[in-house]
Engineer: 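Take this structure, written in structure tokens, and hold onto it; I'll ask about it next.
The first residue in the sequence is number 1, and the count goes up from there.
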Amino acid sequence: MSQPIKPLGLGFGLLGTSNVAPISDAQAEAMFAAAWAMGLRRFDTAPLYGGGLSEERLGRLLRGVPRGDYLLSSKVGRYRDYAARISNPKANPGDWRDYSRDATLRSVEQSLTRLGTDRLDIAFVHDCDDDPDAALDGALPALAELKAQGVVGALGVGSNFAATHLALLREAELDVLMVAGRFTLLDQSAAPDLFPLCRQRGTQVELASPFNSGILATGPDDPATRFDYQPPTPRRGRKCTPFKRLARPMTSRSNAPRCTIAPPIRR
């Protein structure tokens, strides 16, 4: 990788998409300004988020910032129409997946254009849970080509399932994994098998969605709270109850949109 992974980062899904209503340009600018003021310099996006709107906005926000001052990642494999509203974050009608070589090369080229940069520090294969072989045969070799050309600094996989990470890490050389929601106060399913293999293979880990889509930030009683993008079951809500004391001060300070903080586990 051209830079070491930063201690904290911000996922900019909300720059392009929302489960309720799209955020405005002014809200996007305020979110980025707050993150920058806090010292955050690790930013993640994807063509899925708003069908490119997140990348487009982030590119504008980063315009004029020296490229070496931040670490930037995007993803390949999951897509939706530009600025489309979503009704189901896990299985939204109209979304599509393509992990082929040609689609991957085309996707990275389009992401670079929207972001206004000539390289990605990290490129992740996005949620190939139902077809890991397609990623192994198409997307990952294509990203390896781009890495050899200097267009991509590191290649990895992003997924909400520890099993997906395990399957791909056993078959491919990966620099970093974005493990979403599988090492949190509510779910540690990545710990028993995946993390020891990462240590063995020298693969870095970023922990995304540490609030499990919001429940650990809002507490279980908020009607809008989510666990893994869906309303939590009563059992999941009860499991979260001991953490309500921690969630309350987080939500009382600001009505700003909540975003993902992703600290890394170093090898």
Engineer: Pick from Leu120, Asp44, Asp121: which one makes a side chain to side chain contact (heavy atoms under 4.5 Å, CB included) with Leu71?
Structural biologist: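 Going through the options one by one, the only one that passes is Asp121.
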
Engineer: Kindly say whether Asp118 contributes a backbone atom to a donor-acceptor pair with the side chain of Arg67 at under 3.5 angstrom?
Structural biologist: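 No: the side chain of Arg67 does not pair with the backbone of Asp118.
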
Engineer: Under 3.5 Å, side chain of Ser213 to main-chain N/O of Tyr229, donor-acceptor pair present?
Structural biologist: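 It does hold such a pair.
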
Engineer: Could you tell me the separation between the CD atom of Glu29 and the CG atom of Leu15, rounded to the nearest 0.5 Å?
Structural biologist: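 Here the rounded value is 10.0 Å.
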
Engineer: Nearest 0.5 angstrom please: Arg106 CZ to Arg101 CZ, how far?
Structural biologist: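 These two atoms lie 11.5 Å from each other.
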
Engineer: So Leu194 and Val205, do their side chains get closer than 4.5 Å, heavy atoms only?
Structural biologist: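 Of all side-chain heavy-atom pairs linking Leu194 with Val205, none is under 4.5 Å.
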
Engineer: When you compare the side chain of Leu168 with that of Val125, does any pair of heavy atoms fall below 4.5 Å?
Structural biologist: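 No. Closest side-chain heavy atoms not under 4.5 Å.
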
Engineer: Looking at Arg182 and Asn160, would you say the former's side chain and the latter's main chain have a donor-acceptor pair under 3.5 Å?
Structural biologist: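 Yes; judged by distance alone, with no hydrogens or angles, the pair exists.
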
Engineer: With a 4.5 Å heavy-atom cut-off, do Leu112 and Val151 have their side chains touching?
Structural biologist: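 A side-chain contact under 4.5 Å exists here.
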
Engineer: Go through the steps to decide whether Leu58 and Leu72 satisfy the test side chain to side chain contact (heavy atoms under 4.5 Å, CB included), and finish with yes or no.
Structural biologist: CA-CA 10 Å; Leu58 184 55; Leu72 178 65; 3.8 Å; yes

Engineer: Please test Arg236 against Asp228 for side chain to side chain contact (heavy atoms under 4.5 Å, CB included), starting from the C-alpha separation and ending with a verdict.
Structural biologist: CA-CA 11 Å; Arg236 186 67 65 180; Asp228 283 2; over 6 Å; no

Engineer: Are Asp175 and Lys147 ion-paired here, with the side-chain N under 4.0 Å from a carboxylate O?
Structural biologist: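 Salt bridge present between Asp175 and Lys147.
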
Engineer: Which atoms form the tightest heavy-atom contact between Asn212 and Gly181, and what is the distance?
Structural biologist: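 The pair with the smallest heavy-atom distance is ND2-O, 3.1 Å.
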
Engineer: Atom OG1 in Thr104, atom CG in Leu155: separation rounded to 0.5 Å?
Structural biologist: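 Atom-to-atom, Thr104:OG1 and Leu155:CG are 11.5 Å apart.
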
Engineer: At what distance, to the nearest 0.5 angstrom, does SG of Cys240 lie from CZ of Arg238?
Structural biologist: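 Atom-to-atom, Cys240:SG and Arg238:CZ are 12.5 Å apart.
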
Engineer: Do Leu10 and Val65 belong together in a cluster built from hydrophobic side chains that touch within less than 4.5 Å?
Structural biologist: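 As far as the 4.5 Å side-chain criterion goes, Val65 and Leu10 are connected within one cluster.
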
Engineer: Donor-acceptor check, side chain of Thr241 to backbone of Gly237, threshold 3.5 angstrom: yes or no?
Structural biologist: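 Side chain of Thr241 to backbone of Gly237: a pair is present.
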
Engineer: State whether a side-chain donor-acceptor pair under 3.5 Å links Glu55 with Thr45.
Structural biologist: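 Judged by distance alone, the side chains do not pair up.
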
Engineer: Would Phe124 and Glu206 count as a side chain to side chain contact (heavy atoms under 4.5 Å, CB included) if you check the C-alpha gap in whole Å, the side-chain angles of each, and the deciding distance to 0.1 Å?
Structural biologist: CA-CA 11 Å; Phe124 293 103; Glu206 287 190 326; 3.8 Å; yes

Engineer: Decide, yes or no, whether a salt bridge links Arg41 with Asp69 under the criterion of side-chain N to carboxylate O below 4.0 Å.
Structural biologist: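 Judged by the 4.0 Å cut-off on N to carboxylate O distance, Arg41 and Asp69 do not form a salt bridge.
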
Engineer: Which pair of non-hydrogen atoms, one from Ser87 and one from Asn92, has the smallest distance, and what is that distance?
Structural biologist: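 Minimum heavy-atom contact is N-OD1, 2.7 Å.
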
Engineer: In the structure I gave you, are the side-chain heavy atoms of Leu53 and Tyr82 within less than 4.5 Å of one another anywhere?
Structural biologist: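 Yes, at least one pair of side-chain atoms sits under 4.5 Å.
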
Engineer: Within a strict 4.5 Å, meaning less than it, do heavy atoms of the Arg78 and Tyr99 side chains meet?
Structural biologist: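 Side-chain contact under 4.5 Å: yes.
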
Engineer: Looking at side-chain heavy atoms only, is the closest gap between Ser74 and Pro47 below 4.5 Å?
Structural biologist: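 Counting from C-beta outward, Ser74 and Pro47 do come under 4.5 Å.
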
Engineer: Between Val108 and Leu143, is a side chain to side chain contact (heavy atoms under 4.5 Å, CB included) present by the stated rule, with each step listed?
Structural biologist: CA-CA 9 Å; Val108 171; Leu143 292 178; 4.0 Å; yes

Engineer: Of the non-hydrogen atoms in Leu177 and Cys198, which two are nearest, and what is the gap between them?
Structural biologist: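 Looks like CD1-SG, 3.6 Å.
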
Engineer: Any chance you could lay out the side-chain hydrogen bond (donor to acceptor under 3.5 Å, both in side chains) test for Arg42 and Ser73, step after step, and finish with the verdict?
Structural biologist: CA-CA 8 Å; Arg42 164 75 180 96; Ser73 67; 2.9 Å; yes

Engineer: Should Arg201 and Glu173 count as an ion pair when the cut-off is N to O under 4.0 Å?
Structural biologist: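 Between Glu173 and Arg201 there is a salt bridge, with a charged N closer than 4.0 Å to a carboxylate O.
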
Engineer: Same cluster or not: Phe161 versus Phe183, using hydrophobic residues (I, L, V, M, F, W, Y) connected whenever any side-chain heavy atoms lie under 4.5 Å apart?
Structural biologist: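 No, Phe161 and Phe183 fall in different hydrophobic clusters.
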
Engineer: With a 4.5 Å limit on heavy-atom distance, are the side chains of Arg97 and Asp127 in contact?
Structural biologist: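 In short, these two side chains touch, coming nearer than 4.5 Å.
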
Engineer: Measure from the ring center of Phe12 to the ring center of Phe43 and say whether it is less than 6.0 Å.
Structural biologist: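 Yes; Phe43 has its ring centre under 6.0 Å from that of Phe12.
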
Engineer: Quick one: closest heavy-atom pair of Leu186 and Lys239, and the distance?
Structural biologist: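 Closest approach of Leu186 to Lys239: O-NZ, 3.0 Å.
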
Engineer: What pair of heavy atoms forms the shortest contact from Leu14 to Met31, and how long is it?
Structural biologist: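 Taking Leu14 first and Met31 second, the nearest heavy atoms are CB-CE, 3.9 Å.
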
Engineer: I'd like to know if the side chain of Gln188 reaches the main chain of Leu185, judged simply by a donor and an acceptor atom lying under 3.5 Å from each other, with no hydrogens or angles considered.
Structural biologist: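 Such a contact is found between Gln188 side chain and Leu185 backbone.
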
Engineer: Kindly give the heavy-atom pair with the smallest separation between Leu61 and Ala28, and that separation in Å.
Structural biologist: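 Looking at all heavy atoms of both residues, the shortest contact is CD1-O, 4.0 Å.
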
Engineer: Would you say the side-chain atoms of Ser189 and Asp187 include a donor-acceptor pair closer than 3.5 Å?
Structural biologist: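 There is such a pair between these side chains.
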
Engineer: Does Glu145 CD have over 12 foreign heavy atoms under 6.0 Å away?
Structural biologist: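 Enclosed.
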
Engineer: In Å and rounded to the nearest 0.5 Å, what is the OH to CG distance from Tyr70 to Leu40?
Structural biologist: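 Here the interatomic distance stands at 15.0 Å.
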
Engineer: Rounded to the nearest 0.5 Å, what's the gap from CG on Leu174 to CG on Leu169? Could you check?
Structural biologist: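 It is 5.5 Å, given to the nearest 0.5 Å.
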
Engineer: If we only count heavy atoms from C-beta on, is the Leu48 to Lys75 side-chain gap below 4.5 Å?
Structural biologist: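 Contact flag for Leu48/Lys75 side chains = no.
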
